[in-house]
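Within every chain, numbering begins at 1; the chains are lettered A, B, ... in the order of the sequence lines, protein sequences first and strands thereafter.
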Amino acid sequence: MTAMKNFWLEIKHVDKKTGARYGILHTPHGDCEVPMFMPVGTLATVKTLSPEELHQMGAGTILGNTYHLSIRPGADVVAKAGGLHKFMNWDGPILTDSGGFQVFSLAENRKISEDGVEFKNHLNGDRLFFSPEVSIDIQEKLGSDIAMSFDECIPWPADYEYCKKSTERTLRWAKRGLDAHKREDQALFGIVQGGDFEDLRKMCAEELVKMDFPGYSIGGTSIGEPKDKFFEMVEYAIKYLPEDKPRYVMGIGSIDYVLGSIARGVDMFDCVLPTRLARHGALMTSHGRVNIKNEKYKEDFTPLDDKCDCYCCKFYTKAYLRHLYVCDETFGKRLLSIHNVRFLIKLVEEARVAIQEDRFEEFMDEKLAEFGDERGF
RNA sequence: GGGAGGGUAGCGAAGAGGCUAAACGCGGCAGACUGUAAAUCUGCUACCUACUGGUUUCGGCAGUUCGAAUCUGCCCCCUCCCA
């Protein structure tokens, strides 16, 4: 491909046993180490967290959402503000999702055609037409470092015929998006769909690779499928993706999915899980899951996680965090979000070290045992 | 002293003869959440329980009725208005 000057993946080390990769992702807004967990900031904010806090937590790239930002405040407003980075005061890399996930999550309010997707927007019912070209145009206006092809996130389960039809259309959309894409300071990723069918995943991956994207995502996962299906879908896709390009599994944030994906050669992943769980009082800790609202923490004056280095764990007790949660105090949600996001970022930081030392498998086993829960988070 | 309205599960509040162990809200307890329509949603919340049932309830007592939180009488409390 005509390699982008300002975007490429530099693989530094591959774990000898698993094939897990350590590297540097170069982007127009700076370098990120991979594997990397990317917090989600759908509406130009990672809910409750400031950019300064995200930097302190070690966040590399964060996400924004094309569908949501195009409704409010509107792509033109963001463009006038000088782009998403300036608008939200985030100077690191930003990845924007294309709206493809909303084809799945807002399925009751949309109609798919070859041309694109007609949404009835969830706020006031206004018609909103998304096509590959529209999604690219919006993402170019937002000015993210990494844009996503407009796809259909296929529900699970879905039958073969549906997956085939949808995946072929997603491929045509990928081509249209690629043709429409102009910004040279923005990398456009293709997204592998195909449901849980090996031949469709293979076909989709191979066709996308022919189009020569600077990076590839694996989509249509973590939408209710069982864990073994998830890993199958990742494996079906990943073996057809080029080694020198970043691989991004969309929408995963539980410990087992994250570590299991890294072991299979995934470089990037994002998830709302840590921030949403935090707002709902559920915390990932090195001793397993904690529901901070539980009565048993009422007089527990120990930190949430004694092995965590985050601001929350450094200065606050479970009793205090429970109190804030029970009283529905905003500060509690902030502290818990700080913890969960830092927890995942730190887990991946440690994974990077383990990869470089060729002991990722042991690291993974150790962590999964530590978190105790077979089911993960 | 006269008049009026009330007392229902932890709290607030429906219900006005059987379909009511009793709506709904709050509070309490527990659970879920994975490219964010999510600071949201679900379950439980008289008592016992092998979860399948069983036991005792709607201020108190006594009645009417096949059957009462709902009707009658008396009693005990509370609120408001006039003196």
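- Of all nucleotides present, none satisfies the Watson-Crick or G-U wobble test against B:U65 with each distance under 3.5 Å.
- In this structure, B:U40 forms a base pair with B:A32, meeting either the Watson-Crick or the G-U wobble geometry with both donor-acceptor distances under 3.5 Å.
- Atoms CG (A:Asp328) and C1' (B:C26) sit 14 Å apart, rounded to a whole Å.
- Between A:Arg276 and A:Phe104, it is A:Phe104 whose nearest contact on RNA chain B lies nearer the 5' terminus.
- Remark: the separation of the P atoms in B:U70 and B:U64 is 15 Å, to the nearest Å.
- Between the side-chain ring of A:His68 and the base of B:U36, no stacking contact exists by the 5.5 Å and 30° definition.
- Note that A:Arg127 lies outside the cation-pi zone of A:Phe119, set by a 6.0 Å cut-off to the ring centre and a 45° limit from the axis.
- Whole-Å rounding puts the A:Ile138 CD1 to B:G35 P distance at 20 Å.
- If you check every strand for non-hydrogen atoms under 4.0 Å, A:Gln193 touches a base.
- A:Glu329 comes within 4.0 angstrom of nothing in the nucleic acid, heavy atoms only.
- Nucleic acid contact class of A:Arg110 (heavy atoms, under 4.0 Å, all strands): none.
- Atom CG of A:Leu106 and atom C1' of B:G35 are 13 Å apart (whole Å).
- Here B:G35 presents its P atom at 11 Å from CG of A:Asn65, a figure rounded to the nearest Å.
- Nucleotides B:A69 and B:A21 are separated by 12 Å at their C1' atoms, to the nearest Å.
- For the C1' atom pair drawn from B:A50 and B:A13, the interatomic distance equals 37 Å after rounding to whole Å.
- Atom name P, nucleotides B:C71 and B:G15: the rounded distance is 12 Å, in whole Å.
- Using a 4.0 Å heavy-atom distance criterion, A:Asp151 is classed as a base contact.
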Practice task
Would you please test A:Arg201 and A:Glu206 for salt bridge (Lys or Arg N to Asp or Glu O under 4.0 Å) and show each step?
Solution key: CA-CA 8 Å; A:Arg201 288 276 174 185; A:Glu206 286 178 339; over 6 Å; no
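- In this structure, B:C11 and B:G25 make a Watson-Crick or G-U wobble pair, each of the two defining distances being under 3.5 angstrom.
- Residue contacts for A:Ala278: at a heavy-atom cut-off of 4.0 Å it reaches no nucleic acid atom on any strand shown.
- Pair assignment for B:G1: B:C82, on the basis of Watson-Crick or G-U wobble contacts that are both within less than 3.5 Å.
- Using Watson-Crick or G-U wobble geometry with both donor-acceptor distances under 3.5 Å, B:C74 finds its partner in B:G60.
- Atom pair A:Ile292:CD1 and B:G31:C1' shows a separation of 16 Å (rounding to whole Å applied).
- Taking the ring centroids of A:Phe371 and A:Phe343, they lie under the 6.0 Å cut-off.
- For the pair A:Leu43 CG and B:G35 P, the computed distance is 14 Å after rounding to whole Å.
- Residue A:Lys47 contributes atom NZ, which lies 6 Å from atom P of B:A38 at whole-angstrom precision.
- As a whole-Å value, the separation of A:Lys293 NZ from B:G28 P is 11 Å.
- Counting any heavy atom pair closer than 4.0 Å across all strands shown, A:Gly220 reaches a base atom.
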